[in-house]
Amino acid sequence: MATREPARPHGRHTPVRVKARRSAGDVLAGIASLIVLVALVGGVPYALLTFVGPPIAPELLDLDLLTSRVGPSTIVAVLVLLVWLAWFQLFVCVLVEVYAGVRRVGMPARVPLSGGTQALANKLVSAVLLLFTTGAMIAPLVKLTPTPAAPPVTAVAYSAPIVEKALETHKTKKVYVVQPPHGRHHESLWEIAEKCLGDGRRYPEIYRLNQAKEQPDGSRLRMADLIRPGWVLDMPDDARNAHIVPADQPREETLREHPGRAHVDRNLEHGSKTDHVEKRVEKRAENKAEAKHRQPEQRAEQQPIIQESQADFTDYLATASLAAAGLLLVLARRRREQLWRRMFGRRIVRPRDDAAQAEVALRLGGDAPGARILDIGLRLLGAELAAQNRTPPTVYGAHLSARTLDLWIHPPDSDAPAPWTAQDGGQIWRLPAHEGRLLEDQPGGAPYPGLVSIGTDAGGRVLIDLEAAQGLINVRGPQTTAALAALAVELATNRWSDRMRITLVGFGEELTAIAPDRIRSVGGLAEVLPELEASAAPRREVLTGRITGSPRDAHYLLSAVAPTHEEARRLALLARRDTAGYVLAGDVPHATWTLEIGDDGRARITELGFDVQAQLLPRRHYQALVDLFRTADRVDGEPVPEAEPLEGLHLPAVEVRILGPIEVTGLRPLEEGRMALATELLVYLATHPGGVHPSVLGGVLWPRGVQPMVRDATIARVAEWLGPDHLLADEAGRLRLGPEVRTDWALFRELVRRSHGDPTARAVLLEKALGLVRGPLLTGRQPGRYAWLAAEDLEYDVAAEVADTAHQLCELRLAHGQPDAAVAAVRAALLLAADDEGLWRDLLRATHATEDSVRLRAVVEGLTRRAASHPYGGGMAPETEALIEELLPTWRIHVVRESSA
């Protein structure tokens, strides 16, 4: 690697790379192919022109050809023309293949009616290009020379991705499953090499690895251009977008585990990560016989790095994508209200332990775009049906995938309002996801608030409408309460509903902390039955009211207490005439649907034909969510920790800018696909100056687990990117950045710290600190990344300190009669901490001090509009409204006039 190699611990294997060497067979094949190409492309036309003439002979130009007798000369002329056409077809194929190979465009364009000819041209051109291409294949070798012991702190230069020790421990290999045809397109070795190796010309490597090996269908690879869907191809060690499996795993077993497309991480598609290794591969590797003889510490070192507590939360909360999106939205509203009451010098209380890990999982899994499509798509559907004076159909289920939102309706109806389309004879109404993403927010009512997830299948998320049963829904199995809790949480936080009441019987009293306006908990069914019977409403009336603007409250009853025979009878009668949902545990004889939760974690509804991986909320996760929301209700705040002093304010060699769009200065740019992961690793190390062990780093950056060799390869790439002496490791193996790598946040805190000790330069230092703010913290981060922020102090500290710094500078400028400078200070902080109402009150006071009433009214109008349209809702703080009343008593009149206009 380019990074300077430090001294290494004794026995560490040092990887070296050697230049690729072609075999004699490769060279001979290339020379022979070159001779054949020259003969075909140049020799054939020369011979034709010399011995038989041009493509079109004079006989073919005779107008009497169609009416006169055809003689031998005419037949010869036609044959010559056909030979010329065949040569021209070959010539075009050669040009296409040469262009694709030289320009590395991936799969060559298909020449019409040239299947066999293009295949021949592909083989010849590939062999010739392999002959003239240098450095196409680089094989990592391991040098087994011991090196001196390492000093206490060394610059890090990690080994290449494939390390002998890791290979001996895991004994894994990479494979690729050939995909079925898509339309008229069939995969080829060239395309697979382009996708997985980055260069289509490397397809001979894949061919040699798999030549004559038996495939799951019993056939063998004999020709490079004949591969079949379902074949399992062994891949070179540097392949991307492939599966990692035990080296001795039968191909049939590989195909059973990976029947579809290889799992490709979003960032991995662009080359940002090495392949993600699934946990079961490592477990299987550990169970092999040789694993029993390994030292315990070796086994622990080689397992995929994943924090147990976080893995547990990821398995449940992160997979409940719609519930996670709803919970995050409600949590953000609570956090905004916390900021209304934040006191100077204190940050809002952040979650700890399980509550923090729960929020990390929610950030990882939350599907806000999917929830938005479901919400807006259903509201648009209701509005279109209302415009046509149609009653919404019964939707008994829905399926949300990355491609479509499908509604299963009864009875079938082929007249679906646009942009919805009818499928399967009108049994399904479908909204393509690309259409849903383009829809604007809809003001109409929510026609199906009872849609709720029961789990996931291979294609996406499956939902049922609790109202569509028009009877009782029975939940049975060992995890009944966990299933009921998951239903309750999603119902209480979904965005595709307006007014809702959820009654929980025998459980869930603590869930009122999440949605006190929607959830209530009672001890038994007898407490609520009379009320339910008195408030029942006909289905048609309720559905029509929802889409025409006169909705009734949606009401859902979830009971963990089995009903008595009489209670079940009364509920069954009620459910037949009421638009509501009744979900009951126990043995319910009058149930319309039965949701069976098996020991295997599957959820099955036989009446609907659903069999999915169940969405559950076990007790620990349930309690973590409750603790998370209780934390968000606290208004006492926490003190902001003091900043560690910096040695100097000189310009560092590398600066990591996080107070706005993410930027790294002082380093060469990485290729786009790898930049996101490398930057996140750098940000985490830069904000943890005390050092981070690689195992912890792996759990943070890959919360779903990662193989050590993948983690170490990524660290090695970042070490090479940073250059020597910028990534250090101590005796315990913890990684930290060198003194010449600094964040703008560290500089911000140092400037503020120095301002406290220098009254004469205080305003200047605070102004310089605020000048570092360019926007919200870590703007531009990709979805799913930086979820670890939920369990860290960083975003809480940054928001509080930036707001407090602006407040101090605003007060100083106002004290010196500089209201315009005070306004500028506050606006700089609002770029990052826009939800801190204390800053808005500072802006109001500073603007009022300018004595410009027009300017003040503009600030008030802007603040009012922002509060009314804020994505988290909640209006504005009472203290802010009171200040506006004091500074601009007529503001409400202007707001009313604007609303009327």
Side-chain angles (χ1 to χ4, degrees), residues 18-57 76-139 186-194 197-213 220-227 233 236:
V18 297
K19 295 183 179 180
R21 298 179 181 175
R22 300 178 185 82
S23 66
D26 291 336
V27 175
L28 290 176
I31 294 174
S33 299
L34 180 62
I35 293 172
V36 173
L37 269 180
V38 172
L40 290 174
V41 174
V44 168
Y46 177 81
L48 288 172
L49 288 172
T50 302
F51 297 107
V52 298
I56 301 179
V76 170
V78 172
L79 292 176
V80 169
L81 176 61
L82 292 176
V83 173
W84 273 106
L85 290 176
W87 172 84
F88 182 75
Q89 183 186 53
L90 174 66
F91 180 73
V92 172
C93 291
V94 170
L95 288 180
V96 169
E97 295 294 331
V98 169
Y99 176 83
V102 173
R103 298 297 300 273
R104 302 177 70 173
V105 298
M107 189 68 178
R110 298 296 184 192
V111 180
L113 305 176
S114 305
T117 305
Q118 188 166 6
L120 173 64
N122 179 282
K123 290 182 179 180
L124 294 173
V125 171
S126 298
V128 173
L129 289 177
L130 190 63
L131 179 67
F132 289 98
T133 303
T134 60
M137 293 172 287
I138 298 179
H186 293 255
E187 283 195 312
S188 67
L189 288 185
W190 179 288
E191 183 179 12
I192 295 172
E194 180 70 26
L197 304 179
D199 188 346
R201 290 170 292 182
R202 292 183 61 186
Y203 82 90
E205 298 176 53
I206 307 176
Y207 177 76
R208 286 193 290 269
L209 282 173
N210 295 277
Q211 187 175 11
K213 288 185 179 179
R220 299 175 186 270
L221 178 61
R222 302 293 186 187
M223 298 180 63
D225 57 346
L226 292 179
I227 60 174
L233 303 178

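Quick caveat: nothing in here was measured; it's all calculated off a predicted structure. Basis for what follows: all heavy atoms, side chains included, without hydrogens, waters or symmetry-related copies. For this chain, numbers begin at 1 and follow the sequence in order.
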(request) State, with a plain yes or no, whether a side-chain heavy atom of Phe91 is found less than 4.5 Å away from one of Pro45. (result) no
(message) A side-chain contact here means heavy atoms from C-beta on lying under 4.5 Å apart; do Ile192 and Tyr203 qualify?
(response) no
(message) Measuring from atom CZ of Arg220 to atom CD of Gln211, what distance do you get when rounded to the nearest 0.5 angstrom?
(response) 11.5 Å
(request) State which residues pass side-chain contact (heavy atoms from CB on, under 4.5 Å) with Val94; sequence neighbours excluded, sorted by chain then number. (result) Leu37, Val41, Leu90, Val98, Ala121, Val125
(message) Please give me the minimum heavy-atom distance between Cys93 and Thr117, naming the atom from each residue.
(response) SG-CG2, 4.1 Å
(request) Mind checking side-chain contact (heavy atoms from CB on, under 4.5 Å) for Val92 and listing every partner two or more places apart, or none if nothing turns up? (result) Phe88, Val96, Val111
(message) Using the rule side-chain contact (heavy atoms from CB on, under 4.5 Å), only one of Val83, Leu79, Leu85 pairs with Leu81; which is it?
(response) Leu85
(request) Looking only at non-hydrogen atoms, find the nearest pair between Arg202 and Leu197 and report the distance. (result) NH1-O, 3.6 Å
(request) Please round to the nearest 0.5 Å and tell me the distance separating atom OG of Ser33 and atom CG of Leu120. (result) 9.0 Å
(request) Check side-chain contact (heavy atoms from CB on, under 4.5 Å) between Val44 and all other residues, then give those that pass, not counting sequence neighbours. (result) Leu40, Leu48, Trp87
(request) Measure the shortest side-chain to side-chain distance between Asn210 and Leu189 over non-hydrogen atoms and say whether it is less than 4.5 angstrom. (result) no
